[in-house]
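Shown next, in structure tokens, is the structure this report addresses.
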Amino acid sequence: MSISRHFVLAAGGTGGHMIPAHAVAEELMARGHHVALVTDERGAKIPGIFDKAQVHVLPAGRMTKNPKSWPGALKAILAGRAMARRLNETFRPTAVVGFGGYPAMPALLAALADGVPTAVHEQNAVLGRVNRLLAGRVDAIATAYPGVERLKDKYAAKVHLIGNPVREEVKQLREEDFPALTDESVFRVLVIGGSQGASILSSVVPEGLSMLPVALRRRLQVTQQCRAEDIERVRKTYAEMEIPADLATYFNDVPEKLGWSHLVIARAGASTLAELTCAGRPAILVPLPSAMDDHQTANAREMTEAGGARTIPQARFTAVELAKQMQKMAMEPGALQNAAKRARGCGRPNAARDMADLLESIGHAPIVNDPVRVGPTPTTLNLAGVPA
């Protein structure tokens with residue numbers, strides 16, 4: 001009979017939390033372990049992830065700065081904690097790990113109450129609110145960056161630099177050479193602005209590209225993510241400039257596009273930075289200024305200081321500034337290739353493997369595989385036992 005362990009992964013329902021959790025789940029299941037996901041309704045509806053794991057939906061209150069939100073949030077957190085404790089009774093997890101977001105809190109609180117080993121994974125370079133609240137009580141803290149703001153020095157003994165898990169397709173790019181680039185070849189630019197695109201990129205990038213020297217502009221080939229309301233305007237602009245452009249509101253093949261790109265213009269979300277550094281692609285980064293605790297600016301710091309990217313604060317992100325930075329990267333001999341190498345040096349491609357190692361190390365003795373308690377097919381339930 002095979003020996004396996006049971007792990008509960010808890011994550012808020014956005015891609016920034018769910019994608020790393022999914023990568024770790026895949027690694028754990030590949031090792032023969034059983035995995036259950038705890039999330040909210042948004043997370044349970046993200047397609048293409050956690051198809052092989054049990055998925056449980058629970059309430060998770062979100063405490064805002066408005067005190068009026070606190071009673072309702074606390075009530076939801078306590079209800080979620082009670083449901084998560086019922087999951088612990090039946091699933092008997094070896095360890096529970098939170099990947100951030102308020103839905104992770106009830107599962108971690110339940111684990112702490114039941115004496116189950118716990119860990120948190122922080123994707124950003126600023127410790128998030130939930131991880132901040134629980135950092136002193138969990139057994140291990142996994143980080144994506146060597147320096148994380150708002151992480152207290154007294155927790156140093158249980159901090160592990162892991163990185164951000166990325167998709168296997170992105171890891172494979174690490175083994176490929178930077179796309180060949182000469183003074184005559186096509187210069188491919190990829191513009192991505194998060195899952196919903198970014199209107200400022202749609203406004204500034206086309207105008208900035210129009211200011212490039214003619215010899216460089218004629219070589220451009222642009223692939224850009226746009227919001228639905230911006231896409232026709234952007235398409236018309238590129239057509240008027242005679243710059244070939246492939247535009248869409250969503251790309252389901254980002255690893256492929258990343259593979260043949262010479263330069264990426266993007267926000268500085270944690271997953272984006274992880275993929276850029278894993279693949280080794282130079283970038284111009286425009287951090288989202290409204291991100292909580294300005295964490296995107298912090299995320300961009302390591303890659304920028306290493307020479308793999310140039311960061312332009314949104315307040316200074318103009319067409320003129322973009323054109324100036326692009327010329328420095330694209331027209332100086334070897335500059336892009338050197339930036340690609342430096343970006344790659346910041347990559348941590350084994351993050352999912354290392355996170356799985358960490359979870360195995362903090363867990364208790366292995367649990368014998370019991371097919372009665374762990375169904376052979378994935379299920380999506382709320383923790384009250386009613387199909388979601």
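Note: hydrogens, waters and symmetry copies are ignored here, and every other heavy atom, side chains too, is used.
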### Query
Is the shortest heavy-atom distance from the side chain of Leu109 to the side chain of Leu134 under 4.5 Å?
yes
### Query
What do the steps show when you test Asp293 against Arg132 for side chain to side chain contact (heavy atoms under 4.5 Å, CB included), and what is the final call?
CA-CA 12 Å; Asp293 299 316; Arg132 204 180 307 161; 2.8 Å; yes
### Task
Would you confirm whether Gln225, through its side chain, and Gly193, through its main-chain N or O, come within 3.5 Å as a donor-acceptor pair?
yes
### Task
State, to 0.1 Å, how close Ala283 and Met303 come at their nearest heavy-atom pair, and which atoms those are.
CB-CE, 4.1 Å
### Query
Is the side chain of Thr118 donor-acceptor paired with the backbone N or O of Val96 at a distance under 3.5 Å, no angle test?
no
### Message
Do Phe251 and Glu256 make a side-chain contact, defined as non-hydrogen atoms from C-beta onward lying under 4.5 Å apart?
### Response
no
### CZ-CD1 distance between Arg217 and Ile243, expressed to the nearest 0.5 angstrom
6.5 Å
### Query
Short question: side chain of Ser185, backbone of Leu181 - any donor-acceptor pair under 3.5 Å?
no
### Summary
Nearest heavy-atom contact between Arg342 and Ala306 is CD-O, 3.1 Å
### Task
Flag yes if Val286 and Val254 sit in one hydrophobic cluster, no otherwise; membership is Ile, Leu, Val, Met, Phe, Trp, Tyr, and two members link when side-chain heavy atoms are under 4.5 Å apart.
no
### Task
Output yes when Glu321 and Lys324 qualify as a salt bridge under the 4.0 Å nitrogen-oxygen rule, no when they do not.
yes
### Ion pair Lys171/Glu26, N-O distance below 4.0 Å
no
### Task
Give a yes or no on this: more than 12 heavy atoms of other residues, nucleotides or ligands lie within 6.0 Å of atom CG of Asp253.
yes
### Summary
Nearest heavy-atom contact between Ala110 and Ala84 is CB-CB, 3.5 Å
#### Entry: Criterion side-chain contact (heavy atoms from CB on, under 4.5 Å) against Val35, the qualifying member of Val8, Leu28, Val24
Leu28
### Task
Using a 4.5 Å cut-off on heavy atoms from C-beta on, say whether the side chain of Val97 contacts that of Met355.
yes
### Task
Flag the pair Leu127 / Tyr155 as yes when at least one side-chain heavy-atom distance between them is below 4.5 Å, and no otherwise.
no
### Query
For the side chain of His56 and the backbone of Val38, is there at least one donor-acceptor N/O pair under 3.5 Å apart?
no
### Summary
Interatomic distance, CZ@Phe317 vs CG@Leu322, rounded to 0.5 Å, equals 5.0 Å
#### Entry: Closest approach of Gly12 to Met18 (non-hydrogen atoms, all atoms of both residues)
O-CG, 3.2 Å
### Message
Taking transitive links into account, so neighbours of neighbours count too, which hydrophobic residues share a cluster with Val126 at under 4.5 Å side-chain distance?
### Response
none
### Message
Could you check whether atom CD of Glu242 has more than 12 heavy atoms from other residues, nucleotides or ligands sitting under 6.0 Å from it?
### Response
no
### Message
Keeping Arg174 on the side-chain end and Arg344 on the backbone end, is there a donor-acceptor pair under 3.5 Å?
### Response
yes
### Message
Would you say Val170 ends up clustered with Ile265 if hydrophobic residues are merged whenever their side chains have heavy atoms under 4.5 Å apart, either directly or through other cluster members?
### Response
no
### Greater than 12 external heavy atoms within 6.0 Å of Glu41's CD
no
### Query
For Phe91, does its backbone N or O pair with a side-chain atom of His6 as donor and acceptor, under 3.5 Å?
yes
### Message
Can a side-chain donor-acceptor contact be found between Arg267 and Gln314 if the only test is distance below 3.5 angstrom?
### Response
yes
### Query
Hey, does the side chain of Arg42 reach the backbone of Thr14 with a donor-acceptor pair shorter than 3.5 angstrom?
no
#### Entry: Interatomic distance, His262 atom NE2 to Met329 atom CE [nearest 0.5 angstrom]
12.5 Å
### Query
Side-chain contact, heavy-atom cut-off 4.5 Å: Phe178 with Lys341?
no
### Query
Side chains of Val189 and Met326: closer than 4.5 Å at any heavy-atom pair?
yes
### Query
Tell me, do Pro313 and Thr297 make a side-chain contact under 4.5 Å, heavy atoms counted?
no
### Query
Met331 and Pro213: which non-hydrogen atoms are nearest, and at how many Å?
SD-CG, 3.8 Å
### Task
For residues Pro93 and Asn88, determine if any side-chain heavy atom of one lies less than 4.5 Å from a side-chain heavy atom of the other.
yes
### Query
Quick one: does Lys158's side chain have a donor or acceptor within less than 3.5 Å of a partner on Val138's backbone?
yes
Let me have the donor-acceptor pairs involving side chains of residues 270-282, under 3.5 Å, with sequence neighbours excluded, atom names and distances please.
| from | atom 1 | to | atom 2 | distance (Å) |
| --- | --- | --- | --- | --- |
| Glu275 | OE1 | Arg167 | NH2 | 3.3 |
| Glu275 | OE2 | Arg167 | NE | 3.1 |
| Glu275 | OE2 | Arg167 | NH2 | 2.6 |
| Thr277 | OG1 | Leu273 | O | 2.9 |
| Thr277 | OG1 | Ala274 | O | 3.2 |
| Arg281 | NE | Leu258 | O | 3.0 |
| Arg281 | NE | Ser261 | O | 3.4 |
| Arg281 | NH1 | Ala279 | O | 3.1 |
| Arg281 | NH2 | Gly259 | O | 2.9 |

### Message
So for atom CZ, which belongs to Arg233, do other residues, nucleotides or ligands contribute more than 12 heavy atoms lying within a distance under 6.0 Å?
### Response
yes
#### Entry: Basic-acidic side-chain contact under 4.0 Å: Arg150, Glu122
no
### Expected output: side-chain Asn164 to main-chain Ala144 donor-acceptor under 3.5 Å
no
### Considering all heavy atoms, the nearest Ile162-Ala142 contact
CG1-CB, 3.5 Å
### Query
Short question: side chain of Arg310, backbone of Ile284 - any donor-acceptor pair under 3.5 Å?
no
### Evaluation steps, salt bridge (Lys or Arg N to Asp or Glu O under 4.0 Å), between Arg31 and Asp357
CA-CA 10 Å; Arg31 299 183 183 195; Asp357 287 347; 2.7 Å; yes
#### Entry: Sub-6.0 Å ring centroid separation between His121 and Phe99
yes
